[in-house]
Amino acid sequence: MKIASWNVNSLRVRLPQVLAWLEIQRPDVLALQETKVPDAEFPAGAFTSAGYHALCNGQKTYNGVALLSRSALSDCVTDPPNLVDSQRRIVAATVGDIRVINLYVPNGSEVGSEKYQYKLDWLEKISDFLASERDLCPQLVVLGDFNIAPEDRDVYDPEGWREQILCSTLERQAFQRLLDLKLSDAFREFEQPEGSYTWWDYRAAAFRRNRGLRIDHILVSDAMKREVQDCRVDIEPRKQERPSDHAPIYANFCRWS
DNA sequence: ATGGTCGGTAACCGA
């Protein structure tokens with residue numbers, strides 16, 4: 001079973017690339033972020049034709065998440081009780097016996113800004129939600145765009161990014177608190193190439209120079225950690241014309257969908 | 001080379 005995550009930076013623009021990627025990689029589940037499309041305009045038909053069920057939680061212009069799955073999705077949550085927010089950043093659902101939670105964590109803009117505080121508050125609240133979800137279902141996968149590079153090795157220039165947004169100590173501590181919920185970073189369960197990243201700025205030919213950060217993650221509960229077989233970044237879509245600034249990541253689990 | 005590029009939307013904001 002393959003579970004993937006991809007910040008597409010506008011599903012309208014990236015739909016052909018997403019459909020192509022579904023055909024090539026055949027993930028059982030794909031979590032999308034930054035769809036930037038209201039639910040009424042979500043291209044559900046295209047995904048149905050491709051063999052996927054879809055759940056969307058979108059809005060105009062900003063944010064927006066969705067879950068695609070080859071098998072049915074149930075028990076959808078978009079608004080945890082303690083996270084009242086007009087920004088559409090969460091969609092959770094059950095696939096078989098696995099609880100999948102797709103997150104688009106706020107970017108935070110700049111350390112010390114109002115948006116930065118919103119990000120930290122949001123992470124605090126999501127932590128409570130994840131704890132309650134974990135207690136309901138031991139087979140838990142939490143994935144998405146976390147907008148946090150957990151360690152220096154996840155950053156192409158750690159000194160240049162020291163205490164900058166995506167890398168600050170408070171953000172890294174917030175990420176660690178998620179791991180403290182007995183969740184593991186699936187990517188770090190395996191040997192990985194140095195310079196593995198999931199996001200590269202559009203500017204300054206950052207991708208060509210591999211000036212990236214690893215800010216998209218797949219976190220797994222202990223029950224799922226026992227079954228994870230590999231976790232990779234697929235940089236092929238980032239090489240294409242008009243790419244998202246993020247690459248997809250995926251993990252394979254030793255079970256059928 | 002201390003800037004640079006996207007997407008959404010309609011002058012700039014967010015990333």
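Every chain is numbered from 1, with letters handed out A, B, ... down the list of sequences.
- No donor-acceptor pair under 3.5 Å is formed between the side chain of A/Lys182 and the backbone N or O of A/Arg134.
- Looking at heavy-atom distances under 4.0 Å, A/Arg211 makes no contact with the nucleic acid at all.
- Computed from coordinates, the A/Tyr62 OH to B/dA15 C1' distance equals 11 Å when rounded to whole Å.
- Spacing between atom CD of A/Glu171 and atom P of B/dA15 amounts to 13 Å, rounded to whole angstrom units.
- Phosphate proximity of B/dA15 to A/Arg203: absent, as no side-chain N or O sits under 4.0 Å from OP1 or OP2.
- A/Glu41 has its CD atom 11 Å from the P atom of B/dG8, to the nearest Å.
- Rounding to the nearest 0.5 angstrom, the gap separating the OH atom in A/Tyr197 from the CZ atom in A/Phe207 is 12.5 Å.
- Rounded to an integer number of Å, the gap from A/Glu241 CD to B/dC6 C1' is 14 Å.
- As rounded to whole Å, 13 Å separates atom C1' of B/dG14 from atom CG of A/Asp145.
- In this entry the distance linking CD of A/Gln87 with C1' of B/dA15 reads 13 Å, nearest Å.
- The separation of B/dA10 from B/dG14, taken at their C1' atoms, amounts to 15 Å, rounded to a whole angstrom.
- Nucleotides B/dG4 and B/dC13 have their P atoms positioned 16 Å apart, rounded to a whole Å.
- Contact annotation: A/Lys60 side-chain N/O to B/dG8 OP1/OP2 distance is not under 4.0 Å.
- Following rounding to the nearest Å, A/Lys36 (NZ) and B/dG8 (C1') show an atom-to-atom distance of 6 Å.
- Distance from the side chain of A/Tyr202 is smallest to B/dT5 among B/dT5, B/dG4, B/dG8.
- In terms of phosphate contacts, A/Arg242 brings a side-chain nitrogen or oxygen within less than 4.0 Å of OP1 or OP2 of B/dG7.
- Side-chain atoms of A/Asn210 come within 3.5 Å of backbone N or O of A/Gly195 as a donor-acceptor pair.
- Side-chain proximity of A/Ala204 to the nucleotides B/dG14, B/dG4, B/dC6 is greatest for B/dG4.
- Hydrophobic clustering (side-chain heavy atoms under 4.5 Å, transitive across Ile, Leu, Val, Met, Phe, Trp, Tyr) keeps A/Val105 apart from A/Ile218.
- Between A/Asn7 and A/Arg209, the one whose closest nucleotide on DNA chain B sits nearer the 5' end is A/Arg209.
- Below 30°, between 30° and 60°, or above 60°: for A/His217 and A/Phe146 the angle between ring planes is between 30° and 60°, a tilted geometry.
- Comparing A/Gly108 and A/Asp201 along DNA chain B, the residue whose closest nucleotide (by nearest heavy atom) sits nearer the 5' end is A/Asp201.
- Distance, A/Asp245 CG to B/dG8 P: 12 Å, rounded to whole Å.
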